[in-house]
Amino acid sequence: TVGCVVVDGNGCCAAATSTGGLMNKLTGRIGDSPLIGCGTYACELCAISCTGEGEAIIRSTLARDVAAVMEYKGLGIQEAVDFAIKSRLDKGQAGLIAVSRHGEVACGFNTTGMFRGSATEDGFMKVGIW
Amino acid sequence: MGGWAIAVHGGAGVDPNLPAERQEEAKRVIARCLHIGITALRGGAAAVDVVEMVVRELETDPVFNSGRGSALTRRGTVEMEASIMDGHGRRCGAVSGLSTVKNPVSLARLVMDKSPHSYLAFDGAEEFAREQGVEVMDNSYFVTEENVGMLNLAKEANSILFDYRVPVPGVETCSASAGSMVDNPLQMNGLPISVYAPE
């Protein structure tokens, strides 16, 4: 699974996710990536793209949950990501990346690693796995 | 306003034994795609155009599980899926079950921009792709030798019905039932991490 989240110079957020799914999956299986609110979500506040065990991401509507705790609990983006990863996945394992309309980036995962990279206008850039 | 920002991922559940050269290769692809997005954002591009552009690049590179290099179904075919969402107006588009479209994320974008719906799947999505004239490829374009090997490993393990386990090379046997899960600290969804290695 691959994904990208962006907030542009006008403060607009967007997210996109694409995947082949799980190796040796049954034909006809739908994962989380195309399900808006599960593997992918964007609104005025933030944008999120998820990856990992699709069935857990779907059950927890993971991407929308990050946006919801920002909207209703007023959490910051990294706090919201940590909350969702820690308390929404039950025994499932997944990771996600997120940006906020204020130009912040965040990520979280409870797997051994997640291929990821991020950059901001003030010159920050990072690429990581573990 | 805090300025622009971008983040990219290539999948979670990385096999902790991933060889160093594979790690470096993955990092190079991520860095290259980040730079494509950074250049576009510096040029004033809109967020929804940048996410599509970056995910297209990731789909085209076989290193990650999407587009070319997608994981395979039990029949050895690809069934790709993608979605895109514009926070401005919360518009969205999604596709599933694609087997010929070179860049699924761009078809999802067309569903968002050029159709009255937000999600098309399987035959309907393929039909819409032809109507919209997007680039389609023969199924073999998407199938890599490495993924055929991974699929065969999974089938040999004969445990795919339950735990999608792909035996780690050198492991004599691989439990065939979900019940006899080995308590392996590196689990994902209660399954051995090796299942998700290609991810």
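Lettering of chains follows the sequences in order, A, B, ..., and the numbering in each one begins at 1.
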Option among Val29(B), Leu58(B), Leu18(B), Val8(B) that satisfies the side-chain contact (heavy atoms from CB on, under 4.5 Å) test with Phe115(A):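 Exactly one option meets the side-chain contact (heavy atoms from CB on, under 4.5 Å) with Phe115(A), and it is Leu18(B).
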
Quick one: do [X] and [Y] end up in the same hydrophobic cluster if we chain Ile, Leu, Val, Met, Phe, Trp and Tyr together by side-chain heavy atoms under 4.5 Å apart?
X: Ile58(A); Y: Tyr119(B); answer: yes
X: Val101(B); Y: Val78(B); answer: yes
X: Val55(B); Y: Ile30(B); answer: yes
X: Val50(B); Y: Val105(B); answer: yes
X: Val105(A); Y: Val81(A); answer: no

Sort out for me which of [options] touches chain B most, counting heavy-atom pairs under 4.5 Å.
options: Gly95(A), Cys13(A), Ala106(A); value: Cys13(A)
options: Leu89(A), Asp122(A), Thr27(A); value: Thr27(A)
options: Ala15(A), Ser33(A), Gly103(A); value: Ala15(A)
options: Cys46(A), Pro34(A), Cys107(A), Ala14(A); value: Pro34(A)

Can you give me the closest heavy-atom contact between [X] and [Y], atom names plus distance?
X: Met23(A); Y: Ala71(B); result: N-CB, 3.6 Å
X: Thr51(A); Y: Ala12(B); result: OG1-N, 3.2 Å
X: Thr120(A); Y: Ala5(B); result: CG2-CB, 3.9 Å
X: Ser66(B); Y: Val2(A); result: OG-CG2, 3.4 Å
X: Pro16(B); Y: Thr112(A); result: CD-OG1, 4.3 Å

Just how far is it from atom [atom1] of [X] to atom [atom2] of [Y], taken to the nearest 0.5 Å?
X: Ile6(B); Y: Met125(A); atom1: CD1; atom2: CE; value: 9.5 Å
X: Ile48(A); Y: Met85(B); atom1: CD1; atom2: CE; value: 9.5 Å
X: Glu44(A); Y: Arg90(B); atom1: CD; atom2: CZ; value: 7.5 Å
X: Thr1(A); Y: Asn65(B); atom1: OG1; atom2: CG; value: 5.0 Å
X: Cys12(A); Y: His88(B); atom1: SG; atom2: NE2; value: 5.5 Å
X: Arg29(A); Y: Thr73(B); atom1: CZ; atom2: OG1; value: 12.0 Å

Non-hydrogen atoms of chain A under 4.5 Å away: do they reach the side chain of [X], the backbone, both or neither?
X: Ala45(B); value: backbone
X: Leu34(B); value: side chain
X: Leu41(B); value: side chain
X: Phe142(B); value: neither

Check this for me: [X], atom [atom1], are more than 12 non-hydrogen atoms of other residues, nucleotides or ligands nearer than 6.0 Å?
X: Glu127(B); atom1: CD; answer: no
X: Arg75(B); atom1: CZ; answer: no
X: Glu145(B); atom1: CD; answer: no
X: Asp123(B); atom1: CG; answer: no

Against chain B, label [X] side chain, backbone, both or neither, depending on which of its atoms sit under 4.5 Å from a heavy atom there.
X: Ala119(A); result: both
X: Cys50(A); result: backbone
X: Ile30(A); result: both
X: Val99(A); result: side chain
X: Phe124(A); result: neither

With no hydrogens and no angle check, is any side-chain donor or acceptor of [X] less than 3.5 Å from a backbone partner on [Y]?
X: Glu79(B); Y: Gly28(A); value: yes
X: Thr40(A); Y: Ile84(B); value: no
X: Asp8(A); Y: Ala47(B); value: yes
X: Gln93(A); Y: Gly13(B); value: no
X: Ser83(B); Y: Leu35(A); value: no

Which of [options] touches chain A most, by non-hydrogen pairs under 4.5 Å:
options: Ala94(B), Ala82(B), Ser70(B); result: Ala82(B)
options: Pro104(B), Ala31(B), Gly44(B); result: Ala31(B)
options: Ser96(B), Cys33(B), Ala7(B); result: Ala7(B)
options: Asp86(B), Ile38(B), Asn103(B), Leu72(B); result: Leu72(B)

Arg74(B) side chain near Leu26(A) side chain, heavy-atom distance below 4.5 Å: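 The answer is yes; the side chains approach within 4.5 Å.
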
